[in-house]
Amino acid sequence: MTKKESFQLEFEQHVTEGLKAFPKFLSSKYIYDDRGDELFQQIMALPEYYLTNAEYNIVDQYKADLRMLFENNKGFDLIELGAGDGKKTKVLLKELHENGTNFTYIPIDISQHAIDDLASSIKGTWPNMDVQGEQGTYFNVLKELAKYNQRPKAIIVLGSNIGNLSHDEAINFLKQIQEIMSPEDVLFMGFDQKKDPLTIQNAYADTTGVTQEFNRNLLHRLNKEMQADFNVDQFEHWEAYDPETGTAKSYLLATEACDVHIKKLDLKVSFNKWETIHTEISQKYDDQIVEWLANQSGLKITQIFEDNKKLFKNYLFKK
Ligand code: AVI
């Protein structure tokens with residue numbers, strides 16, 4: 001079975017499980033086809049979505065410190081999980097390039113499209129940079145990462161992507177990274193912070209409706225790829241941030257009772273009016289939570305970087 005076929009099978013099994021469950025759920029990881037990637041790019045450009053600029057500010061402000069933390073006389077592999085368009089990473093790549101640092105950049109993303117675009121734009125700017133993109137899900141690719149163990153590794157995970165995982169999944173994810181790390185390796189990861197709840201609420205329920213379209217893309221995918229007959233306009237995006245737990249939850253909310261047939265799965269699903277499909281969590285953190293996650297996964301925080309507006313933090317971990 002090809003990578004693509006096994007991903008599709010996993011997707012279909014997930015849809016069957018999630019839509020038969022009560023309450024219903026679908027994972028946000030399936031939002032990201034080409035259209036989903038494009039909508040996420042639009043989200044990152046929204047003024048309400050403060051995360052991108054905040055982390056950009058951190059990378060820009062501390063790029064020289066990061067270079068000195070990452071570089072060593074053997075050269076190193078800069079492995080990025082969930083690379084996206086690499087806007088923030090390019091600041092770091094420029095810094096490394098201009099200082100003649102010896103490194104290989106290995107961006108990993110679930111989207112082949114994102115990897116190809118990123119690799120060609122980097123080649124356009126720095127033709128001699130050593131770039132080796134890998135397509136796949138974090139967990140699958142992490143296993144393959146073991147093969148890059150000849151040189152020290154700087155693993156970077158930007159964008160607070162970890163926030164889309166439950167705490168148990170996040171620990172599992174961090175443990176898998178920890179297991180492939182050597183004592184000389186570092187992990188640099190972004191964690192969006194708890195803050196004024198309204199700022200978070202507005203970032204995930206923007207007035208332009210892009211986030212709604214992003215969330216609804218899940219249903220468009222089911223219609224396209226599994227011959228489902230969702231009337232997508234009948235499902236509204238709903239966002240609920242709980243300042244106690246720091247969890248922002250996204251839902252698709254049925255505004256009318258309806259029956260949906262997902263032909264490819266031979267599955268009929270009924271929705272009551274106002275029934276939900278839980279689609280995403282975007283966890284917000286503080287130092288205590290991150291320290292607890294690190295402890296649970298065998299990592300130590302060695303440094304903390306914060307943006308100038310105190311919205312976001314990046315943590316440096318060692319084994
Ligand atoms: C990719 N991820 C970190 C985004 C987030 O902030 O949770 C996805 C997103 N969902 C709605 N807006 C952005």
Side-chain angles (χ1 to χ4, degrees), residues 25-56 58-59 80-89 107-111 113-115 118 137-138 156-167 169-170 173-174 188-221 235-242 245-253 277-285 289-290 293 307 311-315:
F25 64 87
L26 288 173
S27 167
S28 61
K29 82 174 186 192
Y30 298 110
I31 294 177
Y32 300 90
D33 60 358
D34 287 355
R35 175 82 181 131
D37 288 345
E38 190 188 306
L39 288 164
F40 184 52
Q41 294 299 323
Q42 291 179 25
I43 288 176
M44 288 197 290
L46 290 171
E48 296 96 323
Y49 195 74
Y50 59 84
L51 288 81
T52 315
N53 285 342
E55 197 177 34
Y56 186 94
I58 295 175
V59 178
E80 180 165 23
L81 303 184
D85 74 342
K87 194 175 155 215
K88 290 164 277 189
T89 317
I108 294 166
D109 202 282
I110 195 159
S111 151
H113 188 72
I115 293 285
L118 178 59
T137 64
Y138 291 168
I156 60 175
V157 191
L158 304 182
S160 202
N161 287 348
I162 192 164
N164 299 132
L165 304 177
S166 68
H167 286 323
E169 289 166 341
F173 175 55
L174 288 168
F188 179 72
M189 194 181 279
F191 289 78
D192 192 20
Q193 300 289 299
K194 289 184 176 177
K195 59 183 63 64
D196 179 352
L198 201 57
T199 306
I200 295 171
Q201 187 71 29
N202 290 341
Y204 290 91
D206 68 278
T207 49
T208 67
V210 184
T211 308
Q212 168 157 279
E213 279 320 300
F214 172 76
N215 200 1
R216 281 177 172 170
N217 196 48
L218 266 168
L219 304 186
H220 282 298
R221 280 195 77 176
F235 287 81
E236 268 176 18
H237 171 70
W238 184 257
E239 191 66 29
Y241 174 63
D242 176 354
T245 58
T247 310
K249 287 174 113 178
S250 300
Y251 299 92
L252 286 163
L253 191 58
I277 310 174
H278 173 218
T279 51
E280 184 172 59
I281 68 161
S282 295
Q283 182 64 38
K284 307 303 161 197
Y285 301 88
I289 306 179
V290 179
L293 291 174
D307 69 294
L311 298 170
F312 198 96
K313 285 183 183 173
N314 287 68
Y315 296 73

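If you read the sequence from its start, that first residue is 1, and numbering goes on from there. Remember, it's a predicted structure, so these values are computed and weren't measured experimentally. Both ligands and their constituent atoms are indexed starting at 1 by order of listing.
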Measure the distance from atom 2 (N) of ligand 1 to every protein heavy atom, then report the residue, atom name and distance (to 0.1 Å) of the closest one.
N164 OD1, 2.8 Å
Only heavy atoms count here, so choose which of Y32, Y204, Y49 is nearest to atom 4 (C) of ligand 1.
Y49
Step through it carefully: locate the ring centre of Y32, locate the ring centre of F214, and say whether they are under 6.0 Å apart.
yes
Are a donor atom and an acceptor atom from the side chains of T279 and N215 found within less than 3.5 Å of each other?
yes
Please work out whether any backbone atom (N, CA, C, O) or any side-chain heavy atom from C-beta onward of D192 is under 4.0 Å from ligand 1, and answer side chain, backbone, both or neither.
neither
Check whether NZ of the Lys or CZ of the Arg K87 lies under 6.0 Å from the centre of the six-membered ring of Y56 and within 45 degrees of that ring's axis.
yes
Say whether S160 and ligand 1 are in contact under the criterion: heavy-atom distance to a ligand atom below 4.0 Å.
yes
min-distance protein heavy atom vs atom 7 (O) of ligand 1 -> S282 OG, 2.6 Å
Taking the side chain from R35 and the backbone from N217, do they hold a donor-acceptor pair closer than 3.5 Å?
no
Please identify which atoms of ligand 1 are closer than 4.0 Å to at least one heavy atom of F214.
9 (C), 10 (N), 11 (C)
Holding to ring-ring contact (aromatic ring centres under 6.0 Å, His included), I want the full list of residues that pass it with Y251, two or more places apart in sequence or in another chain.
H278
Under 3.5 Å: donor-acceptor pair, side chain of H237, backbone of Y204:
yes
Of D242, T247, D192, T245, the one forming a side-chain hydrogen bond (donor to acceptor under 3.5 Å, both in side chains) with K284 is D192
When you measure from atom 11 (C) of ligand 1 to each heavy atom in Q212, E280, K284, which option holds the nearest one?
E280
Sub-3.5 Å N/O-N/O distance, T211 and ligand 1
no
Can you name the atoms of ligand 1, numbered from 1 with element, that are less than 4.0 Å from a heavy atom of G159?
3 (C)
Check ligand 1 against I43 and write out every atom of the ligand that is under 4.0 Å from a heavy-atom position of the residue.
12 (N), 13 (C)
